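Here's the structure we're looking at; comments come further down.
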Amino acid sequence: RGLATSRGLAMALAPGLARKVKKVLETSLESPEILSCLRSLSEFYPENTPEARRGLRRSVEQHGLSINREYLTASSKAQVALRAVDGQLERLLGSCDVISSALERTRERTGELLRETASLDGEIASIEEKQQIVQTFAVDFQLTDEDVAALEGTVTGTSTGTDTTSDSNQIDTKFFTALTRARTIHGNCKRLLRTHHQRAGLELMDQMSSYQEKAHERLCRWVQRECRSLAEEDGGEDVDETLTRAMTALKHRPTLFKYCVEEVARTRHNALFRRFITALTKGGPGGVPKAMEHQQSDPVRFVGDMLAWLHQAVCGERELVGALLGGTDGGDDGADDGNDDQNIHDAGGNKNRVDETTETLHGPSSAVETSSPEAETNASEVLDRILDGIKRPFRVRVDQALTGQSGESEIVRYKLAGLFSFYGSILQKICGNGGSLVSTLKECHALALDAFEQTVALRAKRLVKHPPVVNDDLSAPDCVLETTRRVVELLSATQVSSSAFEVDDTTGEPIAVTSVRAMLVPVVMACELSAETLVSDASYESTHENKHPRYAKRAFLVNCFGGLLKPLREFPDAAGFVSDFDTKADTLLHEMARTEAHALLRRVGLLEIRQVAGLYSSARVRDVGTANSHEQSAGTGNSHQQLSSTMSKDPALRLATVGASLDALVEAVGASDEQVPSFDLVRDPARRATARTAYAGEIIEAFTTTYAALLAPGNGYDLNEVKRAVTHGPGALSTLLGGV
């Protein structure tokens with residue numbers, strides 16, 4: 001009810017008062033602002049009494065007034081300071097006005113001077129641009145005084161500016177740099193001729209041509225002097241880089257370059273000849289090493305020393321010629337081109353305009369003259385001309401080494417051929433296939449092989465014409481041992497030389513194999529001729545006094561083959577000969593054993609029985625095969641029965657005769673002091689054992705074959721009668737010969 005009364009009262013109030021009342025009623029007493037005000041009010045409003053509430057407004061206003069008085073008192077010093085600052089600012093503004101007036105008056109006085117300065121700045125820029133163009137033109141189309149002095153061999157005076165003559169023989173890096181500059185300017189002038197500056201281009205080209213011509217003539221004279229100074233130097237030493245650059249620069253003048261190349265070839269030709277003759281006759285400094293001619297008694301060492309010296313000399317000359325003629329232009333001589341271009345673009349001023357001017361004068365790049373194709377000289381041809389001087393003295397001494405030896409000459413000549421082949425292949429890689437020195441070595445190689453073949457052929461002819469005398473013990477003659485020693489020496493020399501890989505053009509075999517065959521075949525023929533002087537198998541029985549046994553001929557040949565075989569087994573190149581001689585020796589051993597066995601079989605009568613029984617066995621096999629080919633059962637039985645009774649009815653194959661021969665064979669073997677011949681004349685124990693084994697095999701095979709024929713049912717012999725007729729069986733003979 002009270003709230004309703006209040007609302008009614010508020011509605012009854014005036015509108016303005018109603019808004020204020022409404023605002024007071026809606027105010028929140030818990031807001032931070034209200035709370036802060038209340039706390040401030042509590043500081044100077046201690047008691048809440050009616051009197052105090054009635055004077056609340058006055059109390060608040062008095063409290064605010066006291067606060068303002070305190071503020072004014074505290075800020076009085078700041079106000080004094082601000083008034084002082086304000087006075088200073090007023091005075092500063094007055095000074096600025098004075099200065100502005102002075103500046104305005106000064107600007108009016110210096111305006112004309114600024115306009116004149118701007119005009120002068122424009123003129124300076126134009127002058128700098130023109131200076132840059134002139135500098136660019138001077139760099140690309142003019143030689144400096146230092147360049148001209150370097151080309152002409154003069155020195156520019158540092159104090160007076162005059163030219164004084166210097167040592168014209170001196171060639172250094174400055175000379176080549178100046179020559180490259182002159183060549184570059186000459187190329188630039190060619191482009192200048194395509195512009196409206198043709199007269200200037202022609203004059204500059206003539207001037208540069210004159211400089212280049214004088215420089216190349218001076219360079220040519222210097223190179224010739226330097227080449228003459230190389231006459232006594234070893235070609236293996238390093239060549240001065242300046243000389244190499246000089247030869248490269250002279251390629252732009254083919255005629256002068258040719259003169260210099262000829263001078264190089266001539267001086268080195270003479271120097272190499274003198275050095276070779278000195279090495280042959282005098283040796284090195286102080287006699288170390290000794291003169292090569294002191295070794296003439298040993299042709300292999302003498303020729304080897306000469307070839308080793310030639311190899312070293314050729315390598316040195318090849319390096320020298322390669323250093324002089326192997327360079328190409330545009331290397332060191334053009335090292336300054338990049339610096340020139342950098343100077344053009346970095347000289348300052350208006351860079352774009354300078355670049356356009358440079359492009360107009362000589363294009364994007366300077367044209368450098370290249371060397372003529374005629375100036376390209378083959379280094380191999382020059383080297384061949386240098387080495388031409390030592391061919392004749394070398395060939396003369398090679399001929400002396402090939403023709404002045406006896407005794408061991410064929411081995412010496414074969415070794416010389418190997419040396420020529422070895423060094424020829426090495427020098428061919430250095431000088432090329434067309435080198436005259438390589439051709440000389442090939443001729444010497446062919447000459448040495450021809451001399452070797454002639455010596456071997458002459459020795460073979462003497463052996464065949466005069467065969468060696470057979471020794472009493474049938475050992476290999478001295479010619480076999482001597483030839484074997486020579487062959488071993490030849491094969492040993494082949495293993496350490498390149499001749500092992502050479503092939504004979506006529507036979508297609510390695511030269512070593514052909515050479516060994518040429519040395520061995522005549523010895524074998526001579527041994528066979530000597531063996532013919534011994535008693536043969538046919539004449540042995542008719543000869544009353546026999547100095548040698550029946551197998552002497554074959555034993556002698558076996559000993560000869562053994563003398564040839566033993567030293568050759570260690571050499572692969574002689575494998576074919578070893579195999580051939582082994583086969584021949586084994587064949588002779590078996591023939592020897594067969595001959596001795598047949599002699600014993602003939603003495604006991606078993607050889608003829610065996611031969612006849614063999615004929616019957618062959619005929620029986622042939623007839624049985626023919627009968628089996630026909631399909632006639634009745635006829636086959638009759639033919640077989642007739643064949644079976646044929647052998648036993650032959651008078652030569654009667655059982656008593658065959659049995660007596662078999663027993664006689666066993667008794668003869670048992671009664672002999674040596675059941676098997678010793679074959680002592682065969683020198684090799686292994687081959688001697690092979691012959692004894694073959695002999696025993698022949699005897700046992702003959703006995704066994706004959707005894708088996710008696711026991712065969714188809715031969716018509718009665719088994720009981722066979723056992724009674726033959727006292728000893730095959731086991732007895734095998735027992736007697738079992739130790740072999």
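Since this is a predicted model, take the numbers as computed values, not measurements.
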Checklist entry - With the threshold set at 4.0 Å, does a side-chain nitrogen-carboxylate oxygen contact exist between Glu293 and Arg397? => result yes
Next on the checklist: Check whether Thr533 reaches the backbone of Ser530 with its side chain - one donor and one acceptor, N or O, closer than 3.5 Å.
Outcome noted: yes
Next on the checklist: Show me the pairs that pass ring-ring contact (aromatic ring centres under 6.0 Å, His included) and involve residues 509-530, at least two apart or across chains.
Outcome noted: none
Item to check | Sidechain N-carboxylate O distance under 4.0 Å for Glu489, Arg485 | outcome: yes
Next on the checklist: Can a donor-acceptor pair be found, under 3.5 Å and without considering hydrogens, that links the side chain of Asn471 to the backbone of Asp473?
Outcome noted: no
Next on the checklist: Strictly distance-based, threshold 3.5 Å: is any side-chain N or O of Arg486 a donor or acceptor partner for the main-chain N or O of Ile411?
Outcome noted: no
Next on the checklist: Donor-acceptor check, side chain of Arg688 to backbone of Val682, threshold 3.5 angstrom: yes or no?
Outcome noted: yes
Item to check | Other residues, nucleotides, ligands: >12 heavy atoms within 6.0 Å of Arg301 CZ | outcome: no
Checklist entry - Which residues satisfy the salt bridge (Lys or Arg N to Asp or Glu O under 4.0 Å) test with Asp582, sequence neighbours excluded? => result Arg569, Arg687
Checklist entry - Quick one: does Asp573's side chain have a donor or acceptor within less than 3.5 Å of a partner on Leu491's backbone? => result no
Checklist outcome for this item: With sequence neighbours left out, the residues meeting ring pair (Phe, Tyr, Trp, His ring centres under 6.0 Å) with Phe452 are Tyr414
Checklist entry - Are Lys391 and Asp388 within salt-bridge range, i.e. N to O under 4.0 Å? => result yes
Checklist entry - Are any side-chain N or O atoms of Ser579 and backbone N or O atoms of Ala575, one a donor and one an acceptor, separated by less than 3.5 Å? => result no
Next on the checklist: Looking at Gly389, is its backbone amide N or carbonyl O close enough to the side chain of His269 to form a donor-acceptor pair, meaning the two atoms are under 3.5 Å apart?
Outcome noted: yes
Next on the checklist: Tell me whether Arg413 contacts the main-chain N or O of Leu449 through its side chain, where contact means a donor paired with an acceptor under 3.5 Å.
Outcome noted: no
Next on the checklist: Quick check against the 3.5 Å criterion: does Thr483 have a side-chain atom that pairs as donor or acceptor with the backbone of Val480?
Outcome noted: no
Next on the checklist: When you measure from the side chain of Asp586 to the backbone of Leu589, do you find a donor-acceptor pair of N or O atoms at a distance under 3.5 Å?
Outcome noted: no
Checklist entry - What do you reckon, is NE2 of His590 surrounded by more than 12 foreign heavy atoms closer than 6.0 Å? => result no
